Amino acid sequence: MRALPPTARAYVLAAVLAAAACAAPALTDPATPWTAVVLLAALYLGCELVRVLAPTDRRAPDGLGCFFPVVMAAVFLLPPAAAALVAVPGALAQTVVQRPAGVRRVWHAAQQAIAAHLAGRVHGLLGGRAATAAPGSGAPGATGHGADPTLWVTGFPSVLLPAAAAAVAFCLVLTALDGGILAAAEGRPAADARHGLLTRSLAPHCVHGLAGLMMAVMWRSPYGIPAALLVLLPMYVSCWVFAQYHRERAAHRATIRALVQAVDIKDRYTRGHSERVGQASAMIARELGMADDRLEVVRIAGILHDVGKLGVPTRLLRKDGPLTPEERRVIELHPEYGHEMVRGIGFLGEARSAILHHHERVDGSGYPYGLSGEQIPVLARVVAVADSFDAMTSTRSYSRARPVQVALTELERCAGAQFDPAMVRALVTAIGRHGWHPVVTSDDDLQVIGAGAATAGAATGGAAGGTAAAGPAGTAAAALPAVPAQPPGLAADRPRGGGGAAPERPAPGSR
């Protein structure tokens, strides 16, 4: 998103004007507590600068988010317009990776100012400011040494509900604005973007709201501002731990990316295959209702399923003609090679079993161990379907890409023998609902199909039985006149033998 489209620029401009309208009353109101505004704004700016100016090896990873407890404390302590002003300096100092950096910083400042203003309104409407202002505490920013500490203990529960509502409002406003800019700049459906952002950010914002409330209470307690600053210490430690977790995840992603690139370099015809299998595997897992953490494991298993090809001679992977039985046996060792390669990578977990068993068949005739039915791990059954689907719908050295409808029909025909029927149904349903929009690595592999077309194609192919996949005689396969006729069920599998006939009804899928 280097060059923002006009719609996105207009959206950002509207947000800036709205933020200015939110903060302007504080500039003209003589009752604005400028001491507290300056202190909190400087504190928020300092928290963000610590993150930005830290050494590279200790810096918080990009995308970790903002340090909002100070902003939330301003929401609880100050009038809404003043809270909006507090958010601006720190937001302008936040790290921006993608261009245009200036526009993004201005957007962050406007977004947070609007969110702080509206959260302050919600907090005030629910009586939060009155509950926070304990007797004898004085104006915001005052140390309030004359207050009775027992009053703070007994009155603390009354501030929880308004504070929680303000934190939720702050999160909802940020999410709504983020969803709008994603829709304007990248064309994403606004509702989908907002839903995904909300599910990821609600809990962190509530935690930051609780820390901000603690900071506000201590700020106006007899212990004053120094006690309020101490609240930030455990929060910053927790953020550092969270940053370490993100850094570890980034290292995991880099490891996976390096392995996939190595496979792609070795076998140029399968460039992008790993990512597409991961994408299809995730679609199946999502359709089956797997939890998000397991869905990520399935995606990683799909991406790394062919890593064992690094142990297969390159000449066999790039061979244009049929494979001899001996060559076939060598290639069929790649699941075991892959399992050995990743066995010591602890974070892969269940994905390792999928790498080892993704060429097993439910009828027990697969490899390397001839497992059948429920003996095959669930993730391996998911990856097997995704692998064969992409092998049939992408161009290889030994076959051209086939239409998505033909591939789905072939998978349905082989369900129960080679593939788990539940996994096949999940993929067909997912593509029927969302379409297939693969990771495109070459023009030959570009097959974007709409949801309606996928559903219609699956229905047509199902009625045609095995005829569509049999060759040019079938209606769907007639769109590929240059593809030679193949026996039913061959699909995208590599021809076997020394140029002779293929074995009877070999399975679809990649070698």
Side-chain angles (χ1 to χ4, degrees), residues 263 270 273-274 276-278 280-285 287-288 290 294-295 297-312 316-317 323 325 327-343 345 348-392 396 407-408 410-428 489-494 496 502-511:
V263 174
T270 60
H273 170 67
S274 299
R276 294 191 298 269
V277 172
S281 298
M283 291 177 68
I284 295 173
E287 194 65 34
L288 293 173
M290 292 187 182
R294 199 175 189 204
L295 190 148
V297 174
V298 173
R299 190 184 69 83
I300 293 174
I303 291 175
L304 293 179
H305 74 287
D306 271 346
V307 69
K309 287 185 177 179
L310 292 173
V312 176
L316 297 184
L317 296 176
L323 296 173
E327 291 171 336
R328 188 81 187 185
R329 284 193 293 272
V330 172
I331 284 185
E332 288 179 354
L333 291 173
H334 80 267
E336 295 175 276
Y337 291 159
H339 184 259
E340 286 298 315
M341 289 177 185
V342 303
R343 187 168 59 176
I345 305 179
L348 292 180
E350 195 179 359
R352 294 193 293 264
S353 64
I355 294 171
L356 178 62
H357 297 295
H358 71 277
H359 278 296
E360 304 283 4
R361 297 170 50 123
V362 295
D363 63 3
S365 62
Y367 63 90
Y369 299 133
L371 302 183
S372 63
E374 296 297 323
Q375 294 177 327
I376 306 171
V378 173
L379 267 61
R381 284 178 266 157
V382 171
V383 173
V385 173
D387 183 26
S388 292
F389 172 75
D390 184 69
M392 287 188 282
R396 300 295 180 89
L408 294 176
E410 186 70 3
L411 290 174
E412 289 178 321
R413 189 184 66 77
C414 295
Q418 180 177 358
F419 306 114
D420 186 333
M423 309 305 172
V424 174
R425 284 194 301 270
L427 180 62
V428 172
L490 182 60
D493 202 8
R494 181 63 179 264
R496 308 186 188 191
E504 183 179 357
R505 302 188 71 80
S510 62
R511 53 190 174 202

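Keep in mind that this is a model prediction, so the values were computed, not measured. Because only heavy atoms are used, hydrogens play no part in the values below, and waters and symmetry mates are left out as well, while side chains stay in.
Remark: Arg329 pairs with no residue by the side-chain hydrogen bond (donor to acceptor under 3.5 Å, both in side chains) rule, at least two apart or across chains.
From Leu304, atom CG reaches atom CD1 of Ile355 across 5.0 Å, with rounding to the nearest 0.5 Å. Here the straight-line distance linking atom OH of Tyr337 with atom CD1 of Ile331 works out to 11.0 Å at 0.5 Å rounding. Distance check, rounded to the nearest 0.5 Å: CZ of Arg343 to CE of Met341 gives 12.5 Å. The distance from atom OG of Ser274 to atom CG of Asp387, rounded to the nearest 0.5 Å, is 9.0 Å. Taken from CG in Asp420 to CZ in Arg425, the straight-line distance is 8.0 Å, to the nearest 0.5 Å. Between Leu316 atom CG and Lys309 atom NZ the span is 11.5 Å, to the nearest 0.5 Å.
The side-chain heavy atoms of Arg381 and Val378, taken from C-beta on, include a pair separated by under 4.5 Å. Residues Glu336 and Leu356 form a side-chain contact, since some pair of their non-hydrogen atoms from C-beta on lies under 4.5 Å apart. Contact check for Val277 versus Val383: side-chain heavy atoms found under the 4.5 Å cut-off. The shortest side-chain heavy-atom distance between Met283 and Glu287 does not fall under the 4.5 Å cut-off. Residues Gln418 and Ser388 meet the side-chain proximity criterion, which asks for heavy atoms closer than 4.5 Å. A 4.5 Å side-chain heavy-atom check between His357 and Leu379 finds every atom pair outside the cut-off. Contact of the Val385 side chain with the Leu411 side chain is registered, since non-hydrogen atoms from C-beta on lie closer than 4.5 Å.
Under the 3.5 Å distance criterion, the side-chain polar atoms of Gln375 are matched with a main-chain donor or acceptor of Ser372. Listed for the Arg276 side chain is no donor-acceptor partner under 3.5 Å among the backbone atoms of Phe389. Within the 3.5 Å criterion, the main-chain N or O of Leu371 finds a donor-acceptor partner in the side chain of Glu360.
Smallest separation of non-hydrogen atoms from Ala351 and Ala301: CB-CB, 3.8 Å. Considering every non-hydrogen atom in both Ala415 and Pro421, the closest pair reads CB-CA, 4.0 Å. Pairing each heavy atom of Met392 with each of Ala407, the nearest pair is CE-O, 3.6 Å. Across Phe419 and Val362, no two heavy atoms sit closer than the pair O-CG2, 3.6 Å.
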Quiz item: Would His358 and His334 count as a ring pair (Phe, Tyr, Trp, His ring centres under 6.0 Å) if you check the C-alpha gap in whole Å, the side-chain angles of each, and the deciding distance to 0.1 Å?
Solution: CA-CA 11 Å; His358 71 277; His334 80 267; 5.6 Å; yes

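Ring orientation note: the planes of Tyr367 and His359 are close to parallel, at an angle under 30° on the 30°/60° scale.
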